[in-house]
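Only one structure is covered here, and it is reproduced in the block below.
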Amino acid sequence: MARKRVASEPFSNRAFLQRTHDAVFLLNRKRRLRFANSAWEQLTGQSFEDAYDLYCTRHKSASPLAQTLAPPPEVMAGAAARVRRPVPKARTAPPWWDIAFLPLAGPDGLYGIIGRISLVGAAAVVKDRPLPPELSQLRQKLPDRFGFEQLQSDVPECERVVEQVRLACQHRVPVIIVGEAGTGKERVARTIHHQGITAEQGFVALNCAGLPGGNQAALLLGDAALGKSDSVGTVYLRDPAQMPRELQARLAEWLHDRPTTGPRIIAGFRLDPLEEVAAGKVLPELRLLLSVQTIALPPLRDRLDDLPRLSTAISERSRAAGGAGGAGLSPEALDVLRGYPWPGNLRELEAVLESAMAEAKGGAIEPAHLPEAVRRAVSRVRALAVTATPAEHAKLKLDQVLESVERRLIVRALAKAKGDKTAAAEALGIWRETLLRRLRSLKISESDWRGGGREITEHTEQTDKN
Amino acid sequence: MKHPQIVVFENDGLLARYLDQTVERRRWLLRESRQIPACVNLLRAGGPSVLVIKLGRNLIREFSLLDAVHAALTDIPIVVVSDAEDAVLQSLAYDLGARYVLQPPDPRTQLIELVESLMAATISRAGIAATRVVLPAGVADILKSDSEEAAGA
């Protein structure tokens, strides 16, 4: 009788499972999701309604969540098992999920499978016994590597950064570091940690992008969380704008009420946090609580005077690590590097110099040793820059710049195709009708391309003046 | 772009064999190294890379490599794998720059999943530093001739 009831109504006692804090789910014998409680919904960030009937398999075509919840073969054979899986969609695990699978077998084989998820974080950062002396020495070198001298600069903006970092080292209050990708936000955070009053404790970096909100919450604010650990000195949050708003609210609450002994929070933002607030990505109260001190890192293009100093530092680091090192930059190579816009900032500079040092084989770096992509980009930027004097260049608006580039490309394509509009459109990768429309719109006449496109500079200057 | 690679530093070659199919499926290179300088050179010379260090008997050597790579090549994600659960070593590994430390239970299954996601993340991160717009061939030709003229001038 009881068996009949289970078969027709598998979960009449749902409320019993709903109230538990553990994330629990039930699969049928075909591995399809039939029940999940609210703790599961919170942990996975998915509603049960949406996930109902999810086919939980390890097949590559299955969704990341389905792969994570898939029972291993021994469970399908009737044996209980426990597996550790990375959090779905998390490129930044830990944390991991420990999933205990309990098969429910009946006389005619497997009935279903109960799964229970528990979160395994990076909370094991404890120092309960001394390290062997040789390993201890490695740790003792860290303050040297992340020292103030690594941040020294001749650029006033960077000098201000060093002063701010020195100040941040003297307290435990939250700090915001703002800077484009590759400007060295984590390096600055580590410097604050290793030179500051938290140096004896651990440094943990947490990537907020790509982690489901439930996991971030558990890692930061759960029972055994980083926020409550005495052994963690600094928690560095990469890009908190990616956090769910609910977690931002909880974090703000925790920052407001937290004990003074907890780890300090350093948050790295790519954009100005005020802009993130205006865009609705960051809660105003969280920004307010994090921004006790704000350090803005300038992009590399704004500190080109530091290029010689930075290249020396990178070369020394490379030599210390057994690399080729180098005899510095030749004036011509420095000139090329100055002309490059550095969208990847310091990270890109390191990659470019590493490659150039390998090419130079220990000698001075010449332009020919720099990656071709860098040299080409500089040539292009300079070729476009000759269309306007510096004063005019400063006045150019984006639309005008784009228009002049488009005009230049169309005229050159027509000149190359000797006026054949079909061939020119093909070379430009657009429809012929689009080309005709752009010709009318940009007022490009036959006389423009007849001269091989050479008159375009003059024409562009005229347009800009108009 | 140079070929992306997974470099495994271990004594017995077991992890490399374990990762072999996963890496091959993604068309990455799998390289093994047992010497610190050779390992650093491989990472320095290669394309986007992920380093996997297996903790074995010679902890000084393994942690020295971790330290050296994080100092010289900060952008390379480093995964430390240990067969023993040791919170002190885990803490040291994080401080020296490991991005992930895998410990029991079942660090190898975790490794496969992690390496797969790191391969994807490393490529997209490398893309930030070297953003390239794919241009129609004709446009690329025009720009090329422009650059050549500018260089000639």
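Just so we're clear, the structure is a prediction, and the values are computed from it rather than from any experiment. Only heavy atoms go into these numbers, but all of them, side chains included; no hydrogens, no water, no symmetry mates. Per chain, numbering begins at 1; letters A, B, ... match sequence-line order.
- For A/His194, the side chain to side chain contact (heavy atoms under 4.5 Å, CB included) criterion is met by A/Leu142, A/Phe146, A/Arg190, not counting sequence neighbours.
- Minimum heavy-atom separation, A/Glu354 to B/Ala72: OE2-O, 4.1 Å.
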Query - Intermediate values then yes/no, side chain to side chain contact (heavy atoms under 4.5 Å, CB included), B/Thr74 and A/Glu186 - result: CA-CA 10 Å; B/Thr74 41; A/Glu186 187 168 338; over 6 Å; no
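- Proximity to chain A is absent for every atom of B/Leu66, based on heavy atoms less than 4.5 angstrom apart.
- One distance of note links CG of A/Leu138 with CD1 of B/Ile60; it measures 7.0 Å at 0.5 Å rounding.
- With a 4.5 Å cut-off on non-hydrogen atoms, A/Arg375 does not touch chain B at all.
- Atom CD of B/Gln21 has 12 or fewer neighbouring heavy atoms from other residues, nucleotides or ligands inside a 6.0 Å radius.
- For the residue pair B/Tyr94 and A/Phe203, the shortest heavy atom distance occurs at CB-O, 4.4 Å.
- Looking only at heavy-atom pairs under 4.5 Å with chain A, the residue among B/Leu73, B/Leu96, B/Val69, B/Asp67 that has the most is B/Asp67.
- Rounded to the nearest 0.5 angstrom, B/Phe63 CZ and A/Leu135 CG are separated by 6.0 Å.
- For chain A, no part of B/Arg61 is nearby; none of its heavy atoms comes within less than 4.5 Å.
- Residue B/Glu24 places its CD atom among 12 or fewer non-hydrogen atoms of other residues, nucleotides or ligands, all under 6.0 Å distant.
- Heavy atoms of A/Glu350 lying under 4.5 Å from chain B belong exclusively to its side chain.
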